[in-house]
Amino acid sequence: MTSDSSAQRKLFTDHPIWEEDDVRNGVIATVVLPEGVDMPLDYIVPNELVVEVEPGRRVHVPLGKSNRPRLAYCVAVRHGEIPQHPLKSVVGVEDEKPLLSERMLELTGWMADRWMARRGDVLEAVLPAGVRLRRRVKRVPVLVVTGEQGNRRPTVNQKKILDAAIQPIPLDELLKETGVSRSVVNRLLRTGLIMESGSIERQPESDSIKHSFCSDVLPVLSVDQEKALQAILYPLQHGTHETIVLFGVTGSGKTEVYLQAVTETIARGQQAIVLVPEISLTPQTCDRFRSRFGKVAVLHSHLTPAERHDHWREIAAGRVSVIVGARSAIFAPAPRLGLIVIDEEHENTFKQATSPRYHARDVAEWIAQKEGVPLVLGSATPSLETFARCMSGDWKMCRMPERVGGSELPAVVTVDLRDRKSRSKGAISPRLAAGIQWALNSGGQVMLLLNRRGFATHLQCKSCGHAMHCSQCDLGLTLHQPGSRGICHGCGLVTGVPESCPSCGVRDIVHRGTGTQRLEDQVRSQFRGIRVARMDTDTMRTRGSHEKTLTAFRKHEIDLLVGTQMIAKGLDFPNVMLVGVINADAALHLADFRASERTCQLVTQVAGRSGRGPRGGRVVVQTSTPEHPAIRSASTHDYEAFVRSELPIRKALLYPPFGSVIRIVVRSAVDEAAANWAKHLVERLSKSAQGDEAIRILGPAPAPISRIRDRYRWHLQIHGPSSELLRDLVGRSMAGLKTPQEVVWIVDVDPVEML
Ligand code: ADP
Ligand code: ZN
């Protein structure tokens, strides 16, 4: 931890508060502000606060000329030091206990360096808002009748309350049971006919920490599962760190291995953190953890700040052994951590898209190393970064190439969309239609993947070819039904479809391309009488809707499920006999060096949903490039073949995992301002990088999506052999830089998103 004292002095040249006693005492606290000034600042700790001011607690410090007190995180305390120049004093302490352990504080420092983020942003990201705001789950009063007789006969409503409160009853239940308003209760309280006999804690999300029956009978593991489990148990039992990658096809029993590793962790009196890409998309995984273990904290995005705070306290007190959650659950303050698992480790959701732009996999590795515990990464399609770490011998790879119970991986047919015979009027080729019919006739279920939501993917003037665009973004409008609305998928702007072309005035606007809505319509008319459901962000807006649809599908109340990539993730439905991929190339040609990898992962993952039951299954992949290695490997269930073909390409171009990337995005309401600033940044970078052959600077160029919400976007990329080198370059080049008012720019270290 360093603090730039000369820069700091400039902030405080006016009348510093200078306390003789404190100088002799020489206790100095380094603090970080959650917002604003982004360097650490030093303050004197006055005698009366010496006991309370400690790293991990928040303190109040005067700032600027006005000396307005601000809340700040104390990150370090130094003793016996005489400051080189006058310092102001800490004026108060906010928290009773440290919110962050020494380890977590160290982590925030590391993260700030690793992703070039403000330390304040990192501190705020690591602590849930409910903890910072000290929100606690509400206590509800419990009421009971006193036995007093009133002067008057009770009203009908009062009578209801008095009857219901014969036994002590929580206020909320009382109101619900009687349907009477709160004012009636208040009146009875005032007149002394009922009284408070205590209070209870209310957990609105009562199943978020759930006790349930623990099954003793564990399935007998297959040979591959057993090997993988042993690989995890060895470091677990020896208290050492190791990263173990479970590279197992869909249905190979990876989750069962995690469950048994967690069982052992709990038996040793330790805690386990399990990360999943997204809680709402992985209800089955969460349920399996819940039903196997007594107490599981499921940290999902619908929790209120108060509920999060409660979970946090339970975890910190060591009362919860298993924590399941998305990305940020990695910061769960587990004091007896024994194991970290990341399921579907290749998923992008593990990287945060806003500052701090951290990747949960890297954070997990840091924590696991420091704590000396095993880290388990599981996937049917590990990221190339992960593959490279295994090849270099850093990480251990356990292969699980077969499905549990010996069921075969489904046969995959590719349909070449360039072939005339394959074409059909709609999105479903004759081959795919035959496959759907076969599955339905056999009593099986069908999943169709189409990664474009909406009805039609673009709106175009037939006369001049003009495509309708969002007025605020550089994106085409998607047609949504009902109501013929044009919706922008960049900013959500909803507009009507113009009657005539804004460019040539001719009234001939047509819609083209198929989205999930149109596909659903088409399926309904082509396969009459079957039960169809659709899963995309349009149909899944309300809480619990994922679970509802997935449960209905599991119970076979739905025959065919149309969906975006939402349906591709870890679901296990034994009755699915056909999976259709409507257009496998959709994401193949995006301006992103990971486009092939993503495509191969998505197609492999969704194909893995088919044929999990005893009757087997098939997959039909529609594509215009069946010869592409990403499609070919996915169709032959040979992900490793894809890895073998892709790694040399990455190596030749020095793309990750063989090199590192930093992306800078500049935004402004004025296109020219964004362009100029991006150009200026490139000039600075080039100057600093002079003579270093290993560093390449690409750009500036308009970002692939060049405008969002009326903000023009320019970007540049810096490629080089290592992240350290690039971060150092960016740090040096940008030192002392004053950003013009009209631009905003961000640095994304190891980006996973290039649009
Ligand atoms: P993955 O996580 O690799 O997709 P799962 O752990 O979900 O695989 O296993 C697939 C299915 O097989 C699940 O229904 C699971 O309960 C079952 N299963 C896993 N391991 C075994 C085993 N050793 N014996 C019997 N069934 C198993
Ligand atoms: Zn828009």
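The chain is numbered in sequence order, starting from 1. Atoms within each ligand, like the ligands themselves, are counted from 1 in listed order. Reckoned from all heavy atoms, side chains included, excluding hydrogens, waters and symmetry mates.
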**Item:** Shortest heavy-atom approach to atom 7 (O) of ligand 1 - which of M400, E256, R288, E226
**Value:** R288

For [atom], grab the closest protein heavy atom and report residue, atom and distance to one decimal in Å.
| atom | result |
| --- | --- |
| atom 11 (C) of ligand 1 | D572 OD2, 3.9 Å |
| atom 9 (O) of ligand 1 | G253 CA, 3.5 Å |
| atom 20 (N) of ligand 1 | Q225 NE2, 2.9 Å |
| atom 2 (O) of ligand 1 | T255 OG1, 2.6 Å |
| atom 4 (O) of ligand 1 | G251 N, 2.9 Å |

**Message:** Can you name the atoms of ligand 1, numbered from 1 with element, that are less than 4.0 Å from a heavy atom of V220?
**Reply:** 22 (C), 23 (N), 24 (N)

**Request:** Rounded to the nearest 10 degrees, what's the angle SG of C473 makes with SG of C470 at the Zn ion (ligand 2)? Could you check?
**Result:** 110°

**Asked** Does C491 bring an N, O or S atom to within less than 2.8 Å of the Zn ion (ligand 2)?
**Response** yes

**Request:** Measure centre to centre between the rings of H480 and H489, then say whether the value is under 6.0 Å.
**Result:** yes

**Message:** In this structure, does ligand 1 have an atom that sits under 4.0 Å from one of the heavy atoms of R612?
**Reply:** yes

**Asked** Any N or O of P219 that comes nearer than 3.5 Å to an N or O of ligand 1?
**Response** no

**Prompt:** Below 3.5 angstrom, do we get any N/O pair linking V404 and ligand 1?
**Reply:** no

**Message:** Below 30° counts as parallel, above 60° as perpendicular, anything between as tilted: where do the rings of F247 and F387 land?
**Reply:** perpendicular

**R361, Q601, H346, E597 screened by side-chain hydrogen bond (donor to acceptor under 3.5 Å, both in side chains) with S383, the one that passes** = R361

**Message:** Please determine whether the number of non-hydrogen atoms from other residues, nucleotides or ligands lying under 6.0 Å from atom CZ of R663 exceeds 12.
**Reply:** yes

Is [X] salt-bridged to [Y], cutoff N-O under 4.0 Å?
| X | Y | result |
| --- | --- | --- |
| E753 | R357 | no |
| D343 | K254 | no |
| R288 | D572 | no |

**Prompt:** Between the side chains of R389 and T243, is a donor N or O closer than 3.5 angstrom to an acceptor N or O?
**Reply:** no

